[in-house]
Amino acid sequence: VSALTTQSFGFGSGSVSYFRQSQIDFPVAKLYLRIAIPLAVFGAIISHFIPVDSIEVIFGIILILNSVAILYYDSILKAIQDRPVLGNFL
């Protein structure tokens, strides 16, 4: 419990500091929250039915995919912007 409290205060003070420096990219944060909140609820539900080892492997794969997406963000963004748009669907 004390480690979680220490981490929460550290994360909170860092977030406030970044906010005061206008270092938060709110559109990106909004995108991550749109994905993270439903997945957190889904993870809480399935955690009762799937072994912990499997959940850790799935989480590791998601972290690797996310890191690749962050590393190649500019390339991915350019590829998305260069493709033809079909109607209002994309």
Side-chain angles (χ1 to χ4, degrees):
V1 174
S2 63
L4 181 59
T5 304
T6 303
Q7 181 181 4
S8 297
F9 281 113
F11 180 75
S13 67
S15 297
V16 169
S17 176
Y18 275 113
F19 178 75
R20 287 182 181 164
Q21 296 173 16
S22 299
Q23 295 292 318
I24 299 175
D25 189 352
F26 285 103
V28 172
K30 192 176 184 181
L31 174 65
Y32 272 99
L33 286 176
R34 281 189 199 163
I35 295 168
I37 292 172
L39 287 178
V41 172
F42 178 71
I45 292 169
I46 67 164
S47 67
H48 299 288
F49 305 106
I50 297 179
V52 174
D53 293 338
S54 299
I55 293 174
E56 288 176 352
V57 169
I58 293 167
F59 185 65
I61 291 169
I62 290 170
L63 286 177
I64 290 169
L65 292 174
N66 192 31
S67 64
V68 169
I70 290 170
L71 284 173
Y72 295 104
Y73 175 76
D74 292 334
S75 304
I76 294 169
L77 187 62
K78 184 172 178 359
I80 290 171
Q81 290 174 342
D82 289 345
R83 72 174 182 195
V85 178
L86 303 173
N88 292 329
F89 299 109
L90 301 175

Over 12 foreign heavy atoms within 6.0 Å of CD, Gln7: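 No - once you tally the heavy atoms of other residues, nucleotides and ligands closer than 6.0 Å, there are 12 at most.
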Do Val68 and Leu71 belong together in a cluster built from hydrophobic side chains that touch within less than 4.5 Å?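 Yes, it is one cluster - the side chains of Val68 and Leu71 are joined through contacts under 4.5 Å.
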Do you know which two heavy atoms are closest between Ile50 and Ile55, and how far apart they sit?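 That closest heavy-atom pairing would be O-CD1, 3.7 Å.
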Quick check for you: to the nearest 0.5 Å, what is the distance between Phe11 atom CZ and Thr6 atom OG1?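 OG1 of Thr6 is found 15.0 Å from CZ of Phe11.
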Rounded at 0.5 Å granularity, tell me how far OH in Tyr72 sits from OG in Ser67.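 Reported value, rounded in 0.5 Å steps: 9.5 Å.
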Distance-only check: which donor-acceptor pairs under 3.5 Å involve side-chain atoms of residues 24-47, not counting sequence neighbours?
from, atom 1, to, atom 2, distance (Å)
Tyr32, OH, Asn66, OD1, 3.1
Ser47, OG, Ala44, O, 2.9

